[in-house]
Amino acid sequence: MARRTLSNREILSQIPAARARERLARATEPRASSACYSRTTGLLTIVLTNGATIAFPARLAPGLKNASPAELAEVEVLQSGDGLSWDSLDVDLSVPGLFENMFGLRGWMSQLGRRGGKARSPAKARAARENGAKGGRPRGTRKSGRRPVAA
């Protein structure tokens with residue numbers, strides 16, 4: 001299937017929306033202002049534009065597991081701050097993608113939820129007793145959508 005070539009007018013009409021998307025990304029996504037690798041600790045340290053600093057073992061990042069310390073030290077921040085690059089390794093990593101992979105936003109949040117569900121507190125124990133006194137958790141519904149009648 002052949003791709004249609006856009007006219008100059010069509011291209012120019014898309015620029016304002018693209019600029020708006022970039023402004024939103026700069027305001028909401030993590031961006032790197034600098035990055036470095038420490039040979040002594042094995043940590044890759046990223047300083048973000050908001051002043052936060054994150055450090056993690058470089059070998060945890062995709063494509064860096066088998067890299068030598070000299071290769072890891074060649075990290076460069078892309079001009080927009082949204083990526084890191086290692087030319088000699090032919091590896092480019094997205095900073096927002098790194099955060100999602102390293103801290104697994106979905107996985108991390110579910111892990112926090114599991115921990116919260118296991119938490120024991122006097123208030124939680126009291127609520128469980130009160131719920132038990134009322135007959136416990138309601139049974140599931142049938143396919144008809146009606147709740148079963150208690151005997």
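Model, not experiment: these values are computed from the prediction. We use all heavy atoms of the structure for the numbers below, so side chains are in, but hydrogens, waters and symmetry mates are not.
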*Asks:* What is the minimum heavy-atom distance between Ala55 and Leu43, and which atoms define it?
*Replies:*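 Between these two residues, the closest heavy atoms are CB-CD1, 4.3 Å.
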
*Asks:* Do Ile54 and Val95 share a hydrophobic cluster, counting only Ile, Leu, Val, Met, Phe, Trp and Tyr and linking them when any side-chain heavy atoms are less than 4.5 Å apart?
*Replies:* yes

*Asks:* Looking at Leu78 and Ser85, what are the two nearest heavy atoms and their distance?
*Replies:* CD2-CB, 3.9 Å

*Asks:* What pair of heavy atoms forms the shortest contact from Ala61 to Leu98, and how long is it?
*Replies:*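 Of all heavy-atom pairs spanning Ala61 and Leu98, the closest is CB-CD2, 4.0 Å.
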
*Asks:* Between Leu72 and Arg39, is there a side-chain heavy-atom distance shorter than 4.5 Å?
*Replies:*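 No - every pair of side-chain heavy atoms lies 4.5 Å or more apart.
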
*Asks:* Which distance, rounded to the nearest 0.5 Å, do you find between the CG of Asp87 and the CD of Glu76?
*Replies:*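 Output value for this atom pair is 5.0 Å.
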
*Asks:* Of all heavy-atom pairs between Ile46 and Ala32, which one has the smallest distance, and what is that distance?
*Replies:*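 It is CG2-CB, 3.7 Å.
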
*Asks:* Under a single-linkage definition using a 4.5 Å side-chain heavy-atom cutoff for Ile, Leu, Val, Met, Phe, Trp and Tyr, are Leu44 and Phe99 assigned to the same hydrophobic cluster?
*Replies:*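 Same hydrophobic cluster.
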
*Asks:* Taking everything shown except Asp90 itself, do over 12 heavy atoms lie less than 6.0 Å from its CG?
*Replies:*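 Counting neighbours around CG of Asp90, 12 or fewer heavy atoms of other residues, nucleotides or ligands fall under 6.0 Å, so no.
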
*Asks:* Which distance, rounded to the nearest 0.5 Å, do you find between the CG of Asp92 and the CG of Leu84?
*Replies:*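 So the gap between those two atoms works out to 9.0 Å.
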
*Asks:* Look at the side chain of Arg31 and the backbone N and O of Asn50, then say whether any donor-acceptor pair between them is shorter than 3.5 Å.
*Replies:*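 Such a contact is absent between Arg31 side chain and Asn50 backbone.
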
*Asks:* Would you check if the side chain of Trp86 reaches a backbone N or O of Glu74 as a donor-acceptor pair within less than 3.5 Å?
*Replies:* no

*Asks:* Got a sec: does the CD of Gln14 have more than 12 other heavy atoms crowding it under 6.0 Å?
*Replies:*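 Yes - once you tally the heavy atoms of other residues, nucleotides and ligands closer than 6.0 Å, there are more than 12.
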
*Asks:* Report whether Leu89 and Tyr37 are members of the same hydrophobic cluster (ILVMFWY, side-chain heavy atoms less than 4.5 Å apart, transitive linking).
*Replies:*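 Yes, same cluster.
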
*Asks:* Heavy atoms only: give me the nearest Glu10-Ser7 pair and the separation to one decimal.
*Replies:*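 For Glu10 and Ser7, the tightest heavy-atom pair comes out as OE1-N, 2.8 Å.
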
*Asks:* Starting from Leu48, can I reach Leu93 by hopping between I/L/V/M/F/W/Y residues whose side chains sit under 4.5 Å apart?
*Replies:* yes

*Asks:* Among the clusters formed by ILVMFWY side chains lying less than 4.5 Å apart, do Val91 and Val75 turn up in the same one?
*Replies:*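 In one cluster: yes.
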
